[in-house]
Each structure stands twice: as structure tokens, then as C-alpha cells.
Engineer: 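I'd like to ask you about the structure that follows.
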Amino acid sequence: MTVPLATLVVLWGFAVSVALKDSLRLVRANTFLTHVVEPVETLTAALQHERRMSMALLADSPTVGEVGLKAQRSRTDAARERLLAVHRGPELDDVSTELLDLRADALVQDLEGLDVLRAQIDRHAADRDVIDRATVLERYSSLVAAGNMIYDSAETGDATLNREIRIHVSLAHAHEIISYEDALLTGALTAGAPTPAEHAEFVKAVGAHRSRYTEIFKGFNVEDRLYFERLQRSAHYLDFRELEDRLVADPGTEADPTVDAGQWHTASERWLNDLVRFHADTRASLSVRATDYAGGVLLRLALAGGLGLVAVVVSIVFGIRTGRRLVRENRRMVRALEGFTNERLPTIAELVHEGVEIDPDEGAPLRDFTITEVAQVHEAFAQSRRAVVAATVSEVAARRGLGEVFVNLARRNQVLLQRLLRLLDAMERKAKTPEDLTDLFEIDHLVTRMRRHAEGLVILAGRPAGRTWRRPVPVVDVVRAAVAEIEDYQRVKVPPIPDDLAVAGTATADVVHLLAELIENAAMYSPPEMQVQITAQAVAHGLALEVEDRGLGLDDDKRESLNQTLAEAPDFDLFDSARLGLFVVARLARRHDIRVRLRPSPYGGTTAIVLLPPGVLVTAEEEPAVPEPRPEPRPRPRMEQPVAIPAAGEGELPRRVRQRNLAPQLRDQGEAGPAAVAGGPAVRPPEQARDLMSAMQQGWQRGRDEVASQAREEGRDDHDQ
């Protein structure tokens, strides 16, 4: 229960801190007024006056001199420095919001262009194309608008106060419209009369501020509404409105102006001053109301926070007392579960293999739980333990039975295959034609592959393959025997292999089987026109054999998964029969401490690296003088293909190869007789064909007799190996 209680405390503290922060912000409404509203209003008022005087200067007003404009710019700079000082200082830390900070930063950034604007206005006297009145009006108005946007960032948390704040913001915008209108007309009337564009902009501004004040008036409280009604009945407002109506109806001309510039300045200045006082009074009243509201919020916060704190403390005390007992009993049960999962369960399979009887309740925690739910969980856990143990025992028994089935079927197949091999050997001896002998060789080869697949089942069952050698076998013979056990042995290229190493007789059959599986995979998953390369090289820790294909290769995830299987040699997955050869290779590698790893080939395929450890190898000095029988079957070239004779090596005399330079169409046509010389078909005499076949049969028979004699000396038949 610690986590939910801690979460409750954090949430309570967060809610109290947020509410307290909002309440304190309301209490510090006067601070906000002093450090935010007043500096901004002072700055906007100064910018409005500077805008008006700049518009008059651009209109070549004789009443606006450089001294007056410079004094107004100094007042504007003072207001700007005050705002910047507040912006950089810590005064706003307790009253500002994120939105207020963003808008204040925007205003400060816009003020950086004020000096550039002033310089352009000053150059207007020398070059009137530098800037015009419309641009100056727009640039100053954007600065004032950025200042007014700061008011929009104030939030109190009370709907009534928020509505009044929105009204105050609207008043600031409406006041800016009148000030904008005043600056526009000041420049236009000083120049003589408004241009059509300026008159249209003036009419738009008049309609905008009148509509804005009408909407604002609807939202005033009773006190502010009465105050504003008195202002609208005053002579200042009536004179200002009468001049607006005259200018809207007739903008006048430079020769006959509708309104005098001085008359307009007097009326607009008096009305703007009245509006400034109205804004200040309503703002002060709003600040007082916000402070009163904040006091009530703080009182409610204290009550809610105090009661919430009491509830949190009670929950903590109750949770600690109940949680200690709950956690203590759960930890005891969890320790028992972890011990069963991490220590007991992995040994169950081994114990079942050894014939040990398993007690499902061994190591279970005592049933002395005081919490009902924990006791129920413990009972469910006990039932799960029994089910897991029973399932594990059943799985081990099933795997053991399946392994026995594999061994039984494989042994039966091996017996039949050995008989078939003997039968094939006898048929090969009796073969009459080369074509028959070739077919028998192909069948012999397929039977050999079938024998390897049968041995794979025996290996997966954890039994030895059955074939062994008493003496070491040279590595080159082991590699050739492995090549002979695949279908496309013609595609396998075996460069010279070091002849000073041999494989121990006890490991020869397993190494041959392991290499055959890898070579067969390389030939199967590469294009039929590509060769499979086998290389061997002595390394510091044994002999490295590489089987490289030039197929499509494997992606990284697939290759890493296969390498993990080869390294760990897990139990054979009955649902992954497509990778049976991979499990056989992994099992054989683990049996002899052989390391097998796959890596990308530079030709795009995959390279299988087989590292034979020193325990599997013997040196040439340890081999006997009498050659041992080699694993069968031996690779046989196809009868219809010519046997290539290697070229002479360095230091040897060149050897003549019969029909090497003869056209392919003329090869293997026998010796030409008289008919061939005359241009007719070449005919072999019957006696010559008989002698040739007899010589071939005698050569084959001598080879078989030599192999059989050598096998009898070793006490076994060559096919039994």
C-alpha cells in the first residue's frame, strides 16, 4: 500500500500547492498592478503620444519640432527601461504565468526595433522616400498591440473576476483604437486633409471603437456602467463625437478642411484623458475585488487542505499497519515461488531422467497465512506447483519415449540400409555396361544419404551414431566422405587440405555427419550453377574448416538465432522439424566440443566455420603406417563426364592428355578406321570393343578385391563402417 499512499500524498500536495499558488497570485494583485499593468500602460501611453507626434512630423507640422519629439522619445525610453528592469528582475516570479512570460518576451523583442523606426523617421526630412505615414502608423500600432496583449495573460480562477478582466482588456483595445484614430487624423489634418485611403481607415476606426464600447458596456457591473454613462453625457465626449461625425460625412480638402487640426487635437486629447482615468479607476476596483476573492479562496483552501491532510495521515497509519502484514506474507510466498522457479523446476527434468521420485509439495511455504486472500493465492500456487511438476514429468517421459521411438526406427532402417548397401555392392560387381554401373552408383549414393538421415534421429535421441573407426582418418578423407554424402557433390570444390592432421577414429563418424549437414545446406540454399567452397586451415586452437556458399545469405536476426542454437544445443523442438539438421549439428558439436558459427560471406552467401579442437585431432606422426579404410561411399564422377587431369606442377614434365585439342564434336568417337579416313562413319571392330570392356571389368574387379582384402585385415567390411 506504500505506492498508492505515496501517490495520494503527492497528489494532495500538488493540488494544495497549485491552489495556494493561484490564491497567492490573487492576493498579490496589487503587485501585479504595480509591476505589470502600470509599466505596460505607461509604455503604451508613451508610444501612443510618440506615434501622434511622429505622424505630425511626417506631415511637416510647424508645431512639432525636434525638441518636443526628442522629449517624448525620452519619456518613452524611460518607460521602456522600467519595463525591461521589471522583466529582468525577480518581481514577477510570484505573479507571472507562462503565457505572461511569453507575451512579455515578445514585447521586449519588438521594442528592439524602435530605434530603427525612429532613425527612419528622422531621415524623412532629407529623403521622403525612406518611410511614409502609413508605415509609421502600422509599426507603432503593432508595439501598442503587443503591450495590450499582456493583459490577456491574467487569470484569477474565478469566473466573475475573469469576465471583468476580459472587459478591462477590451477597454484597453478600444482606447487604442481611439488613439490610433487620433494619430491618423493628426498626420492627415496637419498635411491639409485626409487622403481617400486615410479617410476610409478613419471611418473604419470610428465604427470599430463605437461598436467595441457598445459591447463592453453590456458586460459592465452596475458601478462601472453608471460611471461610463456619466462620461458619455459629458461635454468632452459630445464634442469629440460631433467632430467624428463631421469628418465621416465630409473629409474636406486641403483648401477647405472640414475640421481644423488644432480643434481636433483639443477634443481628442480631452476625451482620451477621461478614458484613461476611467480605466485606472475600474482597474483599481478590480484589484480590490480580486484581493477579497483571494481571501475567501485561502480560507476554503485551508479547510480543504487541513481535512485532506488528516485523511492522508489516517490512511498512512492504517496502510502501514495493514501493509506490513500483507507485504510480509506475500514476500514469504514470493520467495518460495522464486525458489521453485529458479532452483527446483530446472532440476526436475534431470531428476526424472535419473529415476528420482518427485514430491510436488517439497519446498512449499507453511500454510500459516493470516490474510484470507494470501492464503487463497498460496493454495492456487500449490495446485500450480503440482500441475507444473506433473507436466514436467510427463514431458520428460514423452521425450524419452519419443527418443526411444527415434532410435528404434533408425536402427531398423540402418539394418535394412546395410543390407541394401551389400546388395548394391554385389550388383555393381555384376554390372555389364557403364550405364548400369552409373545407375547403381546413384542408388548407392542415395542410400548413403538415407543412412545419414537415419543416424540423425539416433543423434537427436542422445545415442551414438554406431559407426566408429579404431584409427585416425586424415582430414582430407573426412572432408571427401562428407562431400560424398550430399546429392550435388559435383558442385563442391575442395582445395588442397593440410595432410599432417587427422581426425580421431572415435570422432570421425560424427565429424563426417556434421560436415555433410553443413555442406548439404550450402548446396541447397545456393544457385545450382554456383560452387560450394571448402577450405581448411590450422589455427592456434585446432583446425578451422570453412564451408562457403554464394546464395542469398541470411538476415542478421535469423543468423544470430541459428548461431545461438548451434552454441547452446537445446533439446530438439518437435514443432521445428524444418531445422532438424541444425539440431543434429548442434548436438554433434557439443558432444566433441566443436565450435560451429555462421557468418556473412563476402560473396553474399553464408560461411559456416567449424573449429575442430585439439582433442579431436591427431598429428601425422601418430597415424599408423598401414592406411586405414576410409568412410564410404566415395564420390564418383559421372560416367558421361570426362575426368579432368590436373596440369603439371612446378618442376614436373608436362603430361599429355588424350583428345585435349580435339574439337568437342569429335571427342570420344574411338579410333578412326578406313571408313573414317575415306569420309564414312567410324566403325569399331567387335574384337576391339570386347577387349576394351574386358579391361574395364578387370580393373574394377581388382579395385574391389583390394578394398575387400584391406577391410578383412581390419576385421570389418567396408560398408559396415
Engineer: Do K70 and D77 meet the salt-bridge criterion of a basic N to acidic O distance under 4.0 Å?
Structural biologist: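 A salt bridge is absent here (no side-chain N lies under 4.0 Å from a carboxylate O).
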
Engineer: Angle class for the F228/Y213 ring planes (parallel below 30°, perpendicular above 60°, tilted otherwise)?
Structural biologist: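 Plane angle under 30°, so parallel.
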
Engineer: Does any donor atom in the side chain of R133 or S54 lie under 3.5 Å from an acceptor atom in the other side chain?
Structural biologist: no

Engineer: Are side-chain N/O atoms of Y237 and R233 paired as donor and acceptor at under 3.5 Å?
Structural biologist: no

Engineer: Kindly indicate whether the side chain of L114, heavy atoms from C-beta on, has any atom under 4.5 Å from the side chain of T76.
Structural biologist: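 Yes, their side chains come closer than 4.5 Å.
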
Engineer: Answer yes or no: does atom CZ of R225 have more than 12 heavy-atom neighbours from other residues, nucleotides or ligands under 6.0 Å?
Structural biologist: yes

Engineer: Using side-chain heavy atoms (C-beta onward) and a distance below 4.5 Å, is L58 in contact with D132?
Structural biologist: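 L58 does not reach D132 side chain to side chain.
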
Engineer: If you count every heavy atom of other residues, nucleotides or ligands that lies below 6.0 Å from F278 atom CZ, does the total exceed 12?
Structural biologist: yes

Engineer: In the structure I gave you, are the side-chain heavy atoms of V206 and I177 within less than 4.5 Å of one another anywhere?
Structural biologist: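 No; the side chains remain at least 4.5 Å from each other.
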
Engineer: As a test of understanding, state which of V144, L137, L143 forms a side-chain contact (heavy atoms from CB on, under 4.5 Å) with S141.
Structural biologist: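 It is L137, the one option of V144, L137, L143 that forms the side-chain contact (heavy atoms from CB on, under 4.5 Å) with S141.
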
Engineer: Indicate whether the side chain of H209 and that of E244 have a donor and an acceptor atom separated by less than 3.5 Å.
Structural biologist: yes

Engineer: Between W264 and D182, is there a side-chain donor-acceptor contact under 3.5 Å, judged purely by atom types and distance?
Structural biologist: yes

Engineer: Can you name the nearest heavy-atom pair linking P251 to T258, along with the distance?
Structural biologist: C-OG1, 3.5 Å

Engineer: For L184 versus E198, what's the shortest heavy-atom pair and its separation?
Structural biologist: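 Nearest heavy atoms, L184 then E198: CD2-O, 3.6 Å.
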
Engineer: When you look at CD of E223, are more than 12 heavy atoms from neighbouring residues, nucleotides or ligands closer to it than 6.0 Å?
Structural biologist: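 Open: at most 12 neighbouring heavy atoms sit under 6.0 Å from CD of E223.
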
Engineer: Look at the rings of F220 and F217 and say which category their plane angle falls in: under 30° parallel, 30 to 60° tilted, over 60° perpendicular.
Structural biologist: perpendicular

Engineer: Nearest heavy-atom pair of L189 and A261: which atoms, and what distance?
Structural biologist: CB-CB, 3.9 Å

Engineer: With rounding to the nearest 0.5 Å, note down the distance linking CZ in R210 to CZ in R241.
Structural biologist: 3.5 Å

Engineer: CG of L552: more than 12 outside heavy atoms within 6.0 angstrom?
Structural biologist: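 No, because the 6.0 Å sphere around CG of L552 holds 12 heavy atoms or fewer from other groups.
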
Engineer: Any chance the side chains of R123 and Q120 put a donor and an acceptor closer than 3.5 Å?
Structural biologist: no

Engineer: Surrounding CZ of R595 (heavy atoms of other residues, nucleotides or ligands, distance under 6.0 Å), is the total greater than 12?
Structural biologist: no

Engineer: Any chance you could lay out the salt bridge (charged side-chain N to carboxylate O under 4.0 Å, His left out) test for D555 and K558, step after step, and finish with the verdict?
Structural biologist: CA-CA 5 Å; D555 58 72; K558 182 68 172 179; over 6 Å; no

Engineer: Hey, which of H175, R51, E201, Q48 is the one that makes side chain to side chain donor-acceptor pair (under 3.5 Å) with Y180?
Structural biologist: E201

Engineer: Indicate the atoms forming the closest heavy-atom contact of A56 with T190, along with that distance.
Structural biologist: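 Answer, listing the atom of A56 first, then T190: O-CG2, 4.0 Å.
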
Engineer: Going by distance alone, is a donor N or O of one side chain under 3.5 Å from an acceptor N or O of the other, for E50 and Y140?
Structural biologist: yes

